[in-house]
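All remarks here apply to the structure that follows.
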Amino acid sequence: MNIAINAIKIIFIFLLMVKIVPLLVWVERRASAFIQNRFGPNRVGPLGLTQLLADLIKFLFKEEFVPKDAKKTLFYLAPILALIPGALAFGAIPLSVPFSIPIFTFFNQQWGPYVIEFQSYSLNFSLVFILGVSALGVYSILLAGWASANKYSLFGALRAAAQVISYELALGVSLAGVLLIYSSFDLQTIVSAQQGVLAVAVGDVLHKVSFLPNWGIFFQPLGFVLFFIAVFAETNRHPFDLPEAEAELVAGYHTEYGGLKMNMFYIAEYGHMLVGSALMTVLFFGGHQIPFVSTAEVSQFLLSMGVGAGWLSFLTALTLFSVFMFKVFVFLWIFIWVRWTLPRFKYDQLMQLGWTKLLPLGVLNTIITAIILFIFK
Amino acid sequence: MTALFAILFLIFFVLCFGALLLGVASILGPKKSKSAIKSSSYECGLPSFAQTNNVPVKYYLTAILFIIFDIEIVFIYPWAVAYKDFLTAGWGLYILIAMLIFIALFLYGLIWEIRSKALDWH
């Protein structure tokens, strides 16, 4: 039974990620239209929302096409492999508090009680795990570019790979400050350390700032900015989307892909955006916590609203999950907003920024954090 | 152990999901006749010429540098997690100076790399 619950949960969280993608595509198309003074998709259904469904049906009925020179197996394998890193990384992020199911009877048999965590699997090294698996995204990009046997694809893939690995350094080193503050690789520990109002310990005295929540961004402002920029580059989004520079490379590594295969690359890209936004929320913005409101108070409020005791823990978890998703959507909106606002970098500027500015700044941030912790221990 | 099984299950499920999508699309999609022009690789309107999979050596250099620096950053991580324990145990100055020496070497390597124009993309 436990295995079945876990399997359903894992599939549910993966499908959640896949289902957010068309929604994001719709938001992106509408937002770009709004920013550029156009209408965008507004014909199919209310506000054009069923455009997603129409697109899916269209993709399903497209011809599966492989160019003559392409390596066929790798060509098909690349989009499937592209889905894995995002799915694995998203599974390790704590989406909400654990909830419990009380004892119930089903087919004349007693089941439960179960305590279910609101994430696919809880690891005590989840931060390192996420960094590790999201780095695997390079492989599918390189495979796609190389297997297409097209020079635009190849160069798009090479650029993407060089960019992703370069910014991974900045990404990794910007998180060292967070690790210094929270002394843990476990995202659940990091989230629960961000409860309540901002509290800074100097020696034995605890100074409290009552009008700010205890979020990581107030301890690591520079770390957050570096992480934010690095995530943009990691996801190959504007202003760092050199792999897809239309004027030079047509469409980058997925030039030869069409239909559902191309759509799977989109799912991978938006999945990476989702993971990046979720990481920013968890590390710097208190995860699923409502500022100044504890989990017990949320339960109290739901009880006073007349929620039954059996559903209480589940509804509490669901409420906090929606808070988490709200924070994530704010970041996703920033991703989209930036894309339609800023112009693209040049490639040498991109590499210069990553290696000679973000990386030393990240190291500086680590040293400063360590020295401040040492002085005010 | 359960986490490992969950991860393996998720990988398996994602692979099946992707294969299913491609399978459904290839069944439902039209099967048109193939012409030589259509199945050649995309080339901005010109007839495509032989494809060489040559990779500029610059990218290899970046990858090698990445491995070196990434390993150095991985060394910072356990230090960062254990730092507060060392502080409370009274070994703060020792571990701080140890890391400062390490980071000085790290930055020396980075400056050397920039000075030797390994990162010039002009």
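Residue numbering restarts at 1 for every chain, and letters A, B, ... go by the order of the sequence lines.
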Looking only at non-hydrogen atoms, find the nearest pair between [X] and [Y] and report the distance.
X: A:Ala176; Y: B:Ala80; answer: O-CB, 3.7 Å
X: B:Phe106; Y: A:Val363; answer: CE2-CG2, 3.4 Å
X: B:Leu110; Y: A:Pro360; answer: CD2-CG, 3.7 Å
X: A:Ser120; Y: B:Ala6; answer: O-CB, 4.4 Å

Measuring from atom [atom1] of [X] to atom [atom2] of [Y], what distance do you get when rounded to the nearest 0.5 angstrom?
X: A:Gln163; Y: B:Thr62; atom1: CD; atom2: OG1; answer: 12.0 Å
X: A:Ile10; Y: B:Phe5; atom1: CD1; atom2: CZ; answer: 12.0 Å
X: A:Phe374; Y: B:Ile97; atom1: CZ; atom2: CD1; answer: 7.5 Å
X: B:Lys58; Y: A:Leu158; atom1: NZ; atom2: CG; answer: 14.0 Å
X: B:Leu22; Y: A:Met264; atom1: CG; atom2: CE; answer: 4.5 Å
X: B:Ile11; Y: A:Leu88; atom1: CD1; atom2: CG; answer: 5.0 Å

Side chain / backbone / both / neither for [X] at chain B, heavy atoms under 4.5 Å:
X: A:Ile13; value: neither
X: A:Val178; value: neither
X: A:Ala7; value: both
X: A:Leu83; value: both
X: A:Leu131; value: side chain
X: A:Tyr76; value: both
X: A:Thr356; value: both

Looking at [options], which has the largest count of heavy-atom pairs under 4.5 Å with chain B?
options: A:Phe59, A:Phe129, A:Phe185; value: A:Phe185
options: A:Leu359, A:Leu123, A:Thr366; value: A:Leu359
options: A:Ile165, A:Ile181, A:Ile371; value: A:Ile165

Between [options], which shows the greatest number of heavy-atom pairs under 4.5 Å with chain A?
options: B:Gly92, B:Ala25, B:Ser26, B:Ala63; answer: B:Ala25
options: B:Phe86, B:Tyr77, B:Phe69; answer: B:Tyr77
options: B:Val24, B:Ile95, B:Leu15; answer: B:Leu15

**Request:** Decide side-chain contact (heavy atoms from CB on, under 4.5 Å) for B:Phe17 and A:Val18; before the verdict, give the C-alpha distance in whole Å, the side-chain angles of both, and the deciding distance to 0.1 Å.
**Result:** CA-CA 11 Å; B:Phe17 180 81; A:Val18 173; 4.0 Å; yes

**Request:** On the 0 to 90° scale, with breaks at 30° and 60°, tag the A:Phe14-B:Phe13 ring pair as parallel, tilted or perpendicular.
**Result:** perpendicular

Which answer fits [X], side chain, backbone, both or neither, if we ask what part of it has an atom under 4.5 Å from a heavy atom of chain A?
X: B:Ile7; value: both
X: B:Ile111; value: neither
X: B:Leu10; value: both
X: B:Glu113; value: side chain
X: B:Leu21; value: both
X: B:Phe66; value: both

**Prompt:** Looking only at atom types and distance, does a side-chain atom of B:Lys84 sit under 3.5 Å from a main-chain N or O of A:Tyr182, one as donor and one as acceptor?
**Reply:** no

**Prompt:** Got a donor-acceptor contact below 3.5 angstrom from the B:Tyr83 side chain to the A:Ala370 backbone?
**Reply:** yes

**Message:** Quick check on A:Tyr139: does its OH atom have over 12 non-hydrogen neighbours (other residues, nucleotides or ligands) under 6.0 Å away?
**Reply:** no

**Message:** Counting neighbours of CZ on B:Phe102 that are heavy atoms of other residues, nucleotides or ligands and sit closer than 6.0 Å, is the number greater than 12?
**Reply:** yes

**Asked** Heavy atoms, side chains only, cut-off 4.5 Å: are A:Tyr121 and B:Leu4 in contact?
**Response** no

